[in-house]
Amino acid sequence: MNTTADFPGAKSIAASISANAARLSDALDHHMRNSFQPESRKILRKFHPSEVSELTGISMSNLRTRHQEGDFPDVETDSRGRRLYSAEEIDQIRQVMARTGRNGDAYLPGRRHGDALQIISIVNFKGGSSKTTTAIHLAQRYALRGYRVLAVDMDPQASLTTMFGYRPEIEFAESGTVYDALKYEDPVPLSQVVRKTYFHNLDLAPAGLLLSEYETETAYALQHKVDPPFTQRLAIALDEIESNYDLVIIDCPPQLGFTTMTALLASTGLLITVVPSMLDVASMAQFLEMAGETVRTLEEATGPIDWSFLKYLVARFEPTDVPQSQMAGFLRSILLDQVLNTPMLKSTAISDAGMTQQTIYELEPSQVVKKTLDRILESVNGVADEFERTIQQSWGRKVE
């Protein structure tokens, strides 16, 4: 049997790894503190009238008129006299329009009486497929559109949690994550885990490394028939707070383990991201085959699993890349209308924003070349709006 004594460098390598981890952690902490100064937490920028018009469907002229008539709340103005709106003020305007505008229901797109909570898992078997990017942009877009959204981070790497300005390895090293609500010994109500964020209408159930314990604990629980089983744990946890939200967006880990299956079995719909390359499509095919076999096995034990929809999103798409365009066309020829028509483009605006844990919705428009920002906004908004129609249809609403 080999021991560390057989490998003289083993201890020094381990020490080096630990030292590197500590140095990186300190550097990241310094970077994030600088990025978010003078606030210790992230804050959301204010939005220009053109953005408010796009988000709400209120024309620019009507926006001005309703302000002049005193229907809308007073808002901050910049040095040029242009109005600037907080997300909360956009929501107040939406509420006014719902009461006084024609077709008022259109300004409140969330759940109505009898509508089920929509729980959407963003999944892929392969890392680097834009799952987290998709999850956070959809969550933020829908919050700005007037939905009450809960983002659930089910990935122990906690990238989604980090995007909200947290340091999971420090702030959630011992508790405070979704794991606390899922664990088999002394779980806590999910409401004790959920955190309000700097983004109006958007809450977060964070993740951290402790969530990786769920895999081994679930294997033990299955052997010892611990109830409730993993197939029900997230669904039961969400039941406690379901009336608080219209949508739940779940960022799943990039493997088909118990954590991912727990999310899938709580979901009402799935969105699978895929990069249009041969390797990524082959990986997705393997994921789908394994997922199909696993779900069939679970259905034999628990009964039918009924998702309202299953959609595919072509992600990190480069329109000028001929092989990518061919592969995207191939996917659509096989999966037909299950593939969203709008792809998520690969963009320097998204990657550059991610350097400071921001999304394109958080960036000040002046920070990015207008043409670049317009291009990626058209893509991301297009994806979100097309997928929103799927959500609305699941509530039985007519969609144009």
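In this text the structure is predicted, and so the values were computed from the model without any measurement.
With hydrogens and angles ignored, the 3.5 Å screen pairs no side-chain donor or acceptor of E318 with any backbone N or O of K346. Judged by distance alone, with hydrogens and angles left aside, the side-chain atoms of T218 form no donor-acceptor pair with the main-chain N or O of F258 at under 3.5 Å. Side chain of S394 to main chain of I391: a donor-acceptor pair is present (N/O by atom type, distance under 3.5 Å, no hydrogens or angles). Of the possible donor and acceptor atoms, none in the side chain of R167 sits under 3.5 Å from a partner among the backbone N and O of T162. Looking at E240, its side chain does come within 3.5 Å of a backbone N or O of S191 through a donor-acceptor pair. In terms of modelled atom types and a separation under 3.5 Å, the side chain of D246 and the main chain of R148 share a donor-acceptor contact. With W395 contributing its side chain and G114 its backbone, the two residues share no donor-acceptor pair below 3.5 Å. With hydrogens and angles ignored, the 3.5 Å screen pairs a side-chain donor or acceptor of E386 with a backbone N or O of N341. Here the side chain of S121 pairs no donor or acceptor atom with the backbone of V123 at under 3.5 angstrom. Not a single donor-acceptor pair under 3.5 Å links the side chain of R111 to the backbone N or O of L247.
Under the ring pair (Phe, Tyr, Trp, His ring centres under 6.0 Å) criterion, no residue pair touches residues 261-281, with sequence neighbours excluded.
At least one test fails for R332 against the ring of F330: distance under 6.0 Å to the centre or angle within 45° of the axis.
Donor-acceptor pairing under 3.5 Å is lacking for the side chains of T132 and S159. In this structure, a donor-acceptor pair under 3.5 Å is present between the side chains of N381 and Y361. Looking at S366 and E364, their side chains never bring a donor and an acceptor atom within 3.5 Å of each other. A side-chain donor-acceptor contact under 3.5 Å links E217 and Y179. For the 3.5 Å distance criterion, the side chains of D180 and S175 fail to qualify, holding no donor opposite an acceptor. With hydrogens and angles left out, the side-chain atoms of S86 and R45 include no donor and acceptor closer than 3.5 Å. A donor-acceptor pair shorter than 3.5 Å can be found between the side chains of K42 and Y198. With hydrogens and angles left out, the side-chain atoms of S277 and D280 include a donor and acceptor closer than 3.5 Å.
The distance between the ring centers of Y85 and H67 falls below 6.0 angstrom.
The distance from atom CG of L138 to atom CG of L313, rounded to the nearest 0.5 Å, is 8.0 Å.
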Checklist entry - Given R141 and E54, is the salt bridge (Lys or Arg N to Asp or Glu O under 4.0 Å) satisfied, shown in steps? => result CA-CA 11 Å; R141 171 70 175 179; E54 190 277 328; 2.7 Å; yes
Checklist entry - Would R83 and E76 count as a salt bridge (Lys or Arg N to Asp or Glu O under 4.0 Å) if you check the C-alpha gap in whole Å, the side-chain angles of each, and the deciding distance to 0.1 Å? => result CA-CA 6 Å; R83 291 185 176 91; E76 179 187 339; over 6 Å; no
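Here R397 pairs with D115 under the salt bridge (charged side-chain N to carboxylate O under 4.0 Å, His left out) rule; sequence neighbours left out. Annotation: ring-ring contact (aromatic ring centres under 6.0 Å, His included) contacts of Y214 (sequence neighbours excluded): Y184.
Under the 4.0 Å criterion applied to side-chain N and carboxylate O atoms, E388 and R145 are assigned as salt-bridge partners. Between D91 and R94 there is a salt bridge, with a side-chain nitrogen of the basic residue lying less than 4.0 Å from a carboxylate oxygen of the acidic one.
Residues F72 and L84 do not share a hydrophobic cluster, clusters being chains of Ile/Leu/Val/Met/Phe/Trp/Tyr side chains in contact below 4.5 Å.
Using the six-membered ring where Trp is involved, F172 and Y166 have ring planes that are tilted, between 30° and 60° apart.
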